[in-house]
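Taking it in order: structure first as structure tokens, then the write-up.
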Protein chains: 2
Amino acid sequence: MNLKPTDSELEILNYLWSEGPSTVRQVHEYLATTKEAGYTTTLKLMQIMHEKGLLERSEESRSHVYAAKVSETETRRGLLDRFVETAFGGSAARLVMQALGNHQASAEELDEIRNLLNNLEKDR
Amino acid sequence: MNLKPTDSELEILNYLWSEGPSTVRQVHEYLATTKEAGYTTTLKLMQIMHEKGLLERSEESRSHVYAAKVSETETRRGLLDRFVETAFGGSAARLVMQALGNHQASAEELDEIRNLLNNLEKDR
DNA sequence: TTTTATCTACGAAATTTTTCGTAATTAAAT
DNA sequence: ATTTAATTACGAAAAATTTCGTAGATAAAA
């Protein structure tokens with residue numbers, strides 16, 4: 001499937017991935033903490049996402065309940081591939097290094113990454 | 001400076017970063033290998049980027065020569081920050097791991113990354 | 001010199017994404 | 001029972017991005 005959600009769509013997906021199936025109201029409340037936008041804007045976005053197959057919904061109750069229909073990791077992989085390509089000229093290593101340089105990561109996370117590195121070298 | 005080049009703009013920046021100051025013609029020839037678009041489209045894009053301050057240009061010769069005015073690393077940092085935020089919910093570690101999992105990296109690159117990890121833990 | 005090709009500037013069309021207003025419906029509150 | 005509030009559907013406006021056509025200028029070729 002050709003997945004490339006827009007930025008707005010991604011905000012919604014992030015919420016649904018972490019909070020599970022939710023109503024437009026819930027999503028909107030959350031988005032409202034960050035940005036200014038009317039309720040119908042969020043509604044419309046989610047309806048479009050539903051048409052596109054990004055979300056599924058239950059119409060049991062009057063307030064429809066939406067859930068992400070695309071997987072978190074699949075979607076992120078697609079986004080990452082594109083991003084590595086367009087923003088880092090295809091070099092994942094460059095991206096990784098800049099990411100580690102810019103951002104804070106906990107000791108545990110660093111350990112995890114180190115393990116991953118070891119496995120990658122082993123499988124070579 | 002508030003840098004968030006669009007995807008098309010990024011393609012052009014990538015070229016200029018790697019090839020140095022170039023004419024619209026050169027950039028266009030390159031882009032044409034990838035996608036369909038008329039010459040004036042590329043021209044217009046670069047003119048807009050010039051207005052925005054993303055590019056500078058010399059008008060010495062009839063064919064203007066454009067160069068990136070924003071730095072590669074600065075721009076990439078900005079893009080990466082935003083990307084970590086929107087696509088990976090703020091977790092750089094998650095991004096790093098997925099990037100390493102998805103993409104091929106050479107042994108040398110893996111070593112570089114390992115060194116970086118060591119330094120990060122030392123400075124903690 | 002005349003013609004042909006190339007380039008810039010510019011406006012505007014086309015496309016994509018985001019935003020909102022309105023009407024109709026349903027549920028809840030009074 | 002009536003009113004008030006919340007919800008969906010829908011169209012369309014607004015904004016941002018991308019694309020292109022045309023006119024005018026300059027250089028190169030014939």
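Note: hydrogens, waters and symmetry copies are ignored here, and every other heavy atom, side chains too, is used. Keep in mind that what you see is a predicted model, and the values were worked out from it rather than measured. Chain A is the first sequence line, chain B the second, and so forth, proteins listed ahead of strands; every chain is numbered from 1.
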So with a 6.0 Å cut-off around CD of Glu56(A), is the heavy-atom count from everything else above 12? yes

If you look at every strand shown and take non-hydrogen atoms under 4.0 Å, does Glu9(A) touch a base, only sugar-phosphate, or nothing? nothing

Judged by atom type as modelled, is there a donor-acceptor pair below 3.5 Å linking the side chain of Gln98(B) to the main-chain atoms of Thr73(A)? yes

Across the strands shown, which category fits Thr41(A) at heavy-atom distances under 4.0 angstrom: base, sugar-phosphate, nothing? base

Please pick, from dC20(C), dT19(D), dT8(C), the nucleotide with the shortest atom-to-atom distance to any side-chain atom of Ala37(A). dC20(C)

Candidate nucleotides dT18(C), dT18(D), dT8(C), ranked by approach to the side chain of Ser8(A) - the nearest: dT18(C)

From CA spacing to verdict: side chain to side chain contact (heavy atoms under 4.5 Å, CB included), Met46(B), Leu55(B): CA-CA 8 Å; Met46(B) 291 176 74; Leu55(B) 304 184; 4.2 Å; yes

Nucleotide dT7(D), atom P - distance to OH of Tyr66(A) in whole Å: 12 Å

Atom-pair distance (CD1 on Ile12(B); C1' on dT18(D)), nearest Å: 11 Å

Quick check: any donor-acceptor pair below 3.5 Å linking the side-chain of Arg62(A) to the base of dA6(D)? yes

Side-chain N or O of Tyr39(A) versus OP1/OP2 of dT19(C): is the shortest distance under 4.0 Å? no

Quick one: does Glu51(B)'s side chain have a donor or acceptor within less than 3.5 Å of a partner on Ile48(B)'s backbone? no

Taking only side-chain N and O atoms of Arg57(B), does any of them lie within less than 4.0 angstrom of OP1 or OP2 on dC7(C)? no

Would you say Thr40(A) places a side-chain N or O within less than 4.0 Å of OP1 or OP2 belonging to dT19(C)? no

Given dA9(C), dC10(C), dA5(D), which nucleotide is nearest the side-chain atoms of His64(B)? dA9(C)

Take atom CD1 of Ile48(A) and atom C1' of dG11(D), then tell me their distance rounded to the nearest Å. 11 Å

Is Gln47(A) near enough to dA9(D) that one of its side-chain N or O atoms lies under 4.0 angstrom from OP1 or OP2? yes

Proximal nucleotide (of dT18(D), dT8(C), dA6(D)) relative to the Val24(B) side chain: dT8(C)

Of the nucleotides dA12(D), dT8(D), dT8(C), which has the atom closest to the Leu43(B) side chain? dT8(C)

Proximal nucleotide (of dT8(C), dT18(D), dT19(C)) relative to the Leu45(B) side chain: dT18(D)

Among Ser8(A), Ser18(A), Pro5(A), which residue meets the side-chain contact (heavy atoms from CB on, under 4.5 Å) test with Leu13(A)? Pro5(A)

Rounded to whole angstrom units, what separation is found between the NZ atom of Lys35(A) and the P atom of dC20(C)? 10 Å

Carboxylate-amine/guanidinium proximity below 4.0 Å for Glu112(B) and Arg94(A): no

Calculate the interatomic distance between Glu36(A) atom CD and dT19(C) atom P; express it in whole Å. 11 Å

Value in whole Å for how far the C1' atom of dT8(D) lies from CD of Glu59(A): 10 Å

Picking from dT19(D), dT19(C), dT8(C), which would you name as closest to the side chain of Lys44(B)? dT19(D)

Integer-rounded Å distance: dT19(C) P and Asp7(A) CG: 11 Å

Distance, rounded to the nearest Å, where Met46(B) contributes CE and dA9(C) contributes C1': 15 Å

